[in-house]
Amino acid sequence: FDFLCSVLSLLLCRLKWNFYLIIHKYEGKQSLQGRNTKVAVVLIQKKTPLPPGEDVIASERAAALCNACDLSGKSLFVLPHTDHLVGYIIRLENAFYEHAQTYYYTEIRRVKSHKEFLNKTTHQLLFVRHQFKIAFFSELKQDTQNALKNYRTAYNLVHELRAHETNMLEIKTMAGFINYKICRLCFQHNTPLDAIAQFRKHIDLCKKKIGSAELAFEHAAWMSKQFQAFGDLFDEAIKLGLTAIQTQNPGFYYQQAAYYAQERKQLASMLCNHDSSVVYPNPDPLETQTGVLDFYGQRPWRQGTLSFDLSDPEKEKMGILSLQLKERSVLHSELIITLLSNAVAQFKKYKCPRMKSHLMVQMGEEYYFAKDYAKALKLLDYVMCEYRSEGWWTLLTSILTTALKCSYLMAQIKDYITYSLELLGRASTLKDDQKSRIEKNLIKVLMNESPDPEPDCDAAAVKASQKLWSDRVSLAGSNVFTIEVQDFIPFVQCKAKFLAPSFHVDVPVQFDIYLRADCPHPIRFSKLCISFNNQDYNQYCVVEEAYQKSDILEQSSQGTMCLVPGKTRKFTFKFVAKTEDVGKKIEITSVDLILGSESGRCVILNWRGGGGDAASSQEALQAARSFKRRPKLPDNEVHWDSLAIQASTMIISRVPNISVQLRHEPPALTNEMYCLVVTIESHEETVAKDVKLTAGLKPGQDANLTQKTQVTLRGTDTCDDSFPALLPDIPVGDLQPGEKLEKPIYIRCGTVGARMFLVYVSYLINTTVEGKEILCKCHRLEHLDRVFADIPFLLMTDILSASPWPLTIVTSQLQLSASMTSVDQLESYVENVVLQTGESASECFCLRCPPVTNSGGVATGCYIISWKRSSPVESVPVVSTVITLPHVIVESIPLHVKADLPSFGRVRESLPVRYHLQNKTNLVQDVEVSMEPSDAFMFSGLKQIRLRILPGTQQEVLYNFYPLMAGYQQLPSLHINLLRFPNFTNQLLRRFIPTHIFVKVRR
């Protein structure tokens, strides 16, 4: 078989030394005469060849063949078809490569020899042609450095040509070809900055070479193609290993290509706007005899014409007309969308979200112009969320306007209503007359009528949409639309606020719903209803008003459900909580405001929780940071920004109106039937029913105490281990108002030590709330405190003078028991303090109790006060009073947390906080630490982490808090979960670390 190319012609034959066949095939190559194409013959040998020099016959035949074919000995090759075929092929390839190199070198020398006879006066065009051929042959020769050098020279020669309107397109075409070659080689040499610099130079030189004003769209198309081609080169180089950055990536070039494509579209709409009576010229000026152009960039109707003068103006006019008519058939929007899509993909890849959103908006608009309204709406709806969250209201308004047009042209009722609601709201920058038009159209849709067309829509599309709207009106389907408000910004704002964070069960639960409208005209709603986590309360929180359909835009504000623009309307609700909800939280799960009626169309605006929309959180933060003085309003009005949403409240038990007193004579003796008299007195206005008493050892103490403590109601009983340590729900009966009841309890303690006892009284009582009778359960609880082992605690002493004469505290001394240690040095802080009658002095000591083995109370020690009567006589004797301090219950704690933080913070200044977590057990602790954010702070640090703390060691967790508001603010909450100790609660944790801090204003 034969393989033909302009560099080397190969003839492959089997090695049979058939001279006639070889010569016959070789004569077929005589057509290459006059060219420098090399010819080579490859003989394929199936047998293993002999070593060189031994096969004399083969050498003679090879020489004879070279003479017969006029071949050089270097152009005859033998390819043995043996096991080492790959090695022979590589050697053959290298030989062919040398032949090709020689060919290109010869061609370059030939072109250079022609170039020496040229001069720039008469052969300016040939200079460019020859320089380009030298560069092209160098590139084929794989000498890319010389190729790049010659391409640059050719590019400079192109711009030295005299430019005129008639040859402008040819110059730009050649400049574009050569620029592409230069940029491609720069990327291959891994010099992207040189490629970018060359491209910028290329654009600067060519962007003003527009050419014929009637064909200006051609220049815009050429510019678009240049940016697109460079973007493709840049992207290809990145795939081959080049690293791009956010500020320099192919997306910018695709974006600019799309910009020029949009400019091309605009120019074409102006220049190609011919009447329908204008027909395409016949004969076609764009056709040539051969069907192709002789030279790139030349006009088909004047090929080869170098003169700047137009010989046939009429033919020129027809040619321009044919180009304009062909431009009308170009689908510009598809070109623009493709380029924008490429740019979006690049900006998404390099994490440029704002650029991506900006271009997606342009894509949506192009889909709108291309009448693909579904895709346009999908893209615009996607980017609206970002512009809402960042507060770009002008951009959002523009996007919403286009989206409203798309929804109108597709007759999408829910989308049309949603976008209308938002365009009427406070985030919209439309003028009042535009808002009025949208509001009237919205009311028409709610009345099951077709809205008026949106301005600047395509006439044919409007006509088609009107038919769709007519079909929608005639359909008898569902006309109720629920719109989730928290995802956008409607023209109605809502805030729910409970009047208190908690309510007793015998007090009505009260809350307010605040509504505010931002539309240009008063608007009337039909129903307001609130939903709770307990749906039984929903029926009590409904406001409904019936009206005629024509009254929905009633100008009067007398109606209950009529909202006046700019005015805050308050609706107050109250209901009685159920007794089974005591200790539970009541939450507002949703607020529904209904616009329209079931006879027409009905729109339900649904706020999750206590209200708020997409902009509420940002507005609340700005209001909290603002120090502007608000103007004074009438008593029945409130500032909207000052209202805070409180969507939940706690139902707590009724305050018990009984008194419980304990009478006993401590201490109790071992094995004594110790009597504890409980006195219960009712201060209720009605009968306290089913009074029950629970008394005995408080649960949760040492098991040994539980076994050695017995409780009974009769002192004559002989208590043994069968008697319980706690008597629950002892029936006492009913208590009349003012009645007092005494109940003796007998306790036997089998071991020495302190014990904590519990006395708990519960009863039922009927009470009337808002005319409704409910049954409340009340209780009274008494218990003691305790300290934690090896954790510092404070002991405070108060000295109160009851003497009618002044007393002088000479000194004081704290003597600790062996089981107590002092954290600081014990000093007296009341030395020589004089106390008048009724005055007091206090001291505070920081103590620590080491772990103890017994679970009983631990003795603290005694407090010694040395005092005397105040007198000028120094010989007044000093009296020492010894006070035995009470025992304390000592409990162990698995983890101790200590916080290091400044005493105060400043707004917008970093506040470092360090938490020390110390393992107080002999086990390895697995600790889960999480930080719950606060509205008043931003913070940096690990939001959630899992630590492992060895026994007796500690770990540190560091956070940087950033205060946002001044005042006494709540810190972000630290939550700790111990996997080995699930009973370790965050409520216990709050004893050790601060929860609030005072934040000063910024300096």
Side-chain angles (χ1 to χ4, degrees), residues 504-506 582-583 652-767 775-786 855-857 886-889:
H504 292 285
V505 70
D506 59 337
V582 172
I652 57 179
S653 60
R654 178 179 178 272
V655 177
N657 202 7
I658 63 170
S659 61
V660 179
Q661 295 180 350
L662 304 180
R663 190 173 74 250
H664 61 118
E665 297 177 357
L669 303 178
T670 305
N671 295 324
E672 174 194 10
M673 296 300 290
Y674 184 69
C675 181
L676 177 68
V677 180
V678 181
T679 304
I680 306 171
E681 183 178 3
S682 173
H683 303 288
E684 298 285 358
E685 296 180 356
T686 58
V687 179
K689 299 177 182 180
D690 195 17
V691 181
K692 293 181 180 180
L693 171 66
T694 298
L697 192 68
K698 185 179 180 182
Q701 301 182 66
D702 196 329
N704 293 329
L705 290 180
T706 304
Q707 296 175 0
K708 297 299 182 181
T709 305
Q710 293 85 34
V711 181
T712 181
L713 296 177
R714 293 179 296 274
T716 58
D717 291 344
T718 302
C719 293
D720 54 20
D721 292 343
S722 63
F723 282 73
L726 178 68
L727 294 176
D729 296 336
I730 303 168
V732 178
D734 297 342
L735 282 181
Q736 299 296 326
E739 183 181 354
K740 183 184 292 186
L741 174 69
E742 290 187 352
K743 192 74 173 178
I745 306 294
Y746 295 93
I747 304 169
R748 178 181 176 272
C749 302
T751 57
V752 178
R755 288 162 171 79
M756 189 189 316
F757 290 95
L758 172 72
V759 177
Y760 182 93
V761 178
S762 65
Y763 64 97
L764 301 176
I765 190 167
N766 290 321
T767 183
L775 183 64
C776 299
K777 186 174 182 180
C778 308
H779 58 266
R780 175 73 70 180
L781 181 66
E782 301 286 344
H783 66 87
L784 303 175
D785 271 330
R786 76 282 317 280
S855 59
H887 286 54
V888 294
I889 304 298

Nearest heavy atoms of [X] and [Y], plus distance in Å:
X: Asp729; Y: Thr694; answer: N-OG1, 3.0 Å
X: Ile889; Y: Ala754; answer: CD1-CB, 4.4 Å
X: Ser682; Y: Leu735; answer: CB-CB, 4.0 Å
X: Gln710; Y: Gln707; answer: NE2-O, 3.1 Å

Quick one: does any side-chain atom of [X] pair with a main-chain N or O of [Y] as donor and acceptor, under 3.5 Å?
X: Arg748; Y: Tyr746; value: no
X: His504; Y: Ser653; value: yes
X: Glu742; Y: Val677; value: no
X: Asp734; Y: Asp690; value: yes
X: Glu684; Y: Asn657; value: yes

For a 4.5 angstrom cut-off between non-hydrogen side-chain atoms, does [X] reach [Y]?
X: Arg755; Y: Lys708; answer: yes
X: Thr751; Y: Asn704; answer: no
X: Thr679; Y: Lys740; answer: yes
X: Val582; Y: Ile652; answer: no
X: Thr709; Y: Phe757; answer: yes
X: Ile745; Y: Leu693; answer: yes
X: Val711; Y: Leu726; answer: no
X: Tyr763; Y: Ile658; answer: yes

>> Nearest 0.5 angstrom please: Thr686 OG1 to Ile765 CD1, how far?
In response: 3.0 Å
> To the nearest 0.5 Å, what is the distance between CD1 (Ile730) and CG (Leu713)?
Replying inline: 4.5 Å
